[in-house]
Structures are given as C-alpha cells and as structure tokens.
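What you see below is based on every heavy atom in this structure, not just the backbone, and it leaves out hydrogens, waters and symmetry mates.
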Amino acid sequence: NRRTLLSLPDEILAIICKDISDSACSNVDDRYHPLPRNKASVGLSHVCRQFRRIALSIPYLWSRTLNFMSPGMVEICFSRVSTPTAEIAMTTTSYSMPMPYESYKTYLSTATLFSQRWRRYSHLDLAISMDGLKELASLTHGLDAPHLASLSIAYPFNSVAHKRRT
C-alpha cells in the first residue's frame, strides 16, 4: 500500500524511481533514447511531494536530452542536473533524409546554454551533407564544455569523400 511504500528510506525510493525510469525504455531499440525516460521521470515527480523531492534530486533521471524535445523540456532537464553529467543527443528519424537545420538550431540554442554541464555529445545523422556538418560546426563554435568526456559525430563517409574529389 501507499503508506508502506512512502515509509521506505529515500535511498530505496530513489532506486525504485531509477528502475521505473529505466523500465520505460524497455521497448525502445536505442537504450540511450531519453524520451521514455524523461516522460517516466516527469510522471514520478507528480506522484506526491515525497516522490517529487526524490525524483528532482536524481540527476540520472534528467541527464539525457534529444533534439526532438521541446526547448522547454530541454531546459527543465538541464535545470535539474547541477553536476556535469548531461548527455546530449542529436539524431534523425530517417536514414534517408537529413535533419533540418532548424532542428539543430532550435535544440542547440537551448542546450549550449548549459554546455558546462555536458559530459557526452552524440550526433547521428547518416544523411547529413558537408554543408550540414559546417552548419553544426558553426552552431557549436566556441562552445565552453570543460567536462565533455565523449564526443561522437556519425556522418556518411560518401558525402565527405565526394566533396574532397570535387
């Protein structure tokens, strides 16, 4: 019952919250995909005051963002991550269509405000062109990310090789 659950120590409730958010990703092919985890975390933070306090104190629940999130949700996630543990992801929904520049711009204009909290940056756009890579470079030029430990940008080799030959 609810009273028994809420009588558990906060440390145990934090483990339960983390497990619930992880289980929300069980049907997602990419375990990094943050949308199901973020939705579960928001739900947990609305159960009651005690769950809200605990959920807001767990950076893991809020540390992953994705370019398909609204700027408001990206801000909420970053506002709940006070240590440099944030994981940034940009990806496409299709391997045949490049991500529109506006998607980069909208997401990065919000996420770069919190770049000092970044730990991992992952960009997967297998349809990106050389011009798209240049746009990405311009959006992240001069970025202050002192805790960035992992940077991954996946792009189609043929678009870069084609530009070199011409």
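- Scored by the side chain to side chain donor-acceptor pair (under 3.5 Å) test, Arg119 finds Glu87 as partners (sequence neighbours excluded).
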Result block: side-chain N/O donor-acceptor pairs under 3.5 angstrom for residues 70-85, not counting sequence neighbours:
residue: Ser70; atom: OG; partner: Met73; partner atom: N; Å: 3.1
residue: Ser79; atom: OG; partner: Glu75; partner atom: O; Å: 3.4
residue: Ser79; atom: OG; partner: Ile76; partner atom: O; Å: 2.7

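- Remark: Leu124 CG to Ser152 OG distance equals 8.0 Å, nearest 0.5 Å.
- Contacts of Arg52 classified as side chain to side chain donor-acceptor pair (under 3.5 Å), with partners at least two apart in sequence or in another chain: none.
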Under the criterion side chain to side chain donor-acceptor pair (under 3.5 Å), I'd like the reasoning laid out for Thr140 against Tyr121: C-alpha separation, chi angles, the key distance, then a yes or no. CA-CA 11 Å; Thr140 56; Tyr121 179 93; over 6 Å; no
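- Across Thr112 and Leu139, no two heavy atoms sit closer than the pair CG2-O, 4.3 Å.
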Leu66 and Tyr107: CA distance, side-chain angles, deciding distance, side-chain contact (heavy atoms from CB on, under 4.5 Å) verdict: CA-CA 8 Å; Leu66 181 68; Tyr107 177 68; 5.5 Å; no
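- Under the side chain to side chain contact (heavy atoms under 4.5 Å, CB included) criterion, Ile15 pairs with Asp19, sequence neighbours left out.
- Note that CG of Leu133 and CD1 of Ile153 are 7.0 Å apart. Values are rounded to the nearest 0.5 Å.
- Leu8 and Leu13 get closest at one heavy-atom pair: O-CD1, 3.7 Å.
- Residues in residues 7-18 take part in these side chain to side chain donor-acceptor pair (under 3.5 Å) pairs, two or more places apart or across chains: Asp10-Gln50, Asp10-Arg53, Lys18-Asp22.
- Scanning all heavy atoms of the two residues, the minimum distance from Ser21 to Ala40 falls at CA-CB, 3.9 Å.
- The side chain to side chain contact (heavy atoms under 4.5 Å, CB included) check on Gln116 picks up Asp144, Pro146, with sequence neighbours excluded.
- Here Ile58 contributes atom CD1 and Cys17 contributes atom SG; the two are 5.0 Å apart, rounded to the nearest 0.5 Å.
- In this structure, the side chain of Ser41 engages the main chain of Leu61 through a donor-acceptor pair within 3.5 Å.
- How far CG of Leu136 is from NE2 of His141: 13.0 Å, rounded to the nearest 0.5 Å.
- Side-chain atoms of Ile12 and Ile16, non-hydrogen and from C-beta on, do get closer than 4.5 Å to each other.
- Here the NZ-CD distance, from Lys105 to Glu135, works out to 10.0 Å after rounding to the nearest 0.5 Å.
- Under the rule for a ring pair (Phe, Tyr, Trp, His ring centres under 6.0 Å), Phe51 has no partner lying at least two apart in sequence or in another chain.
- Under the side chain to side chain donor-acceptor pair (under 3.5 Å) criterion, Ser150 pairs with no residue at all, not counting sequence neighbours.
- Checking side-chain atoms of Trp62 against main-chain N and O of Ala86 turns up no donor-acceptor pair under 3.5 Å.
- Contact check for Arg64 versus Arg37: side-chain heavy atoms found under the 4.5 Å cut-off.
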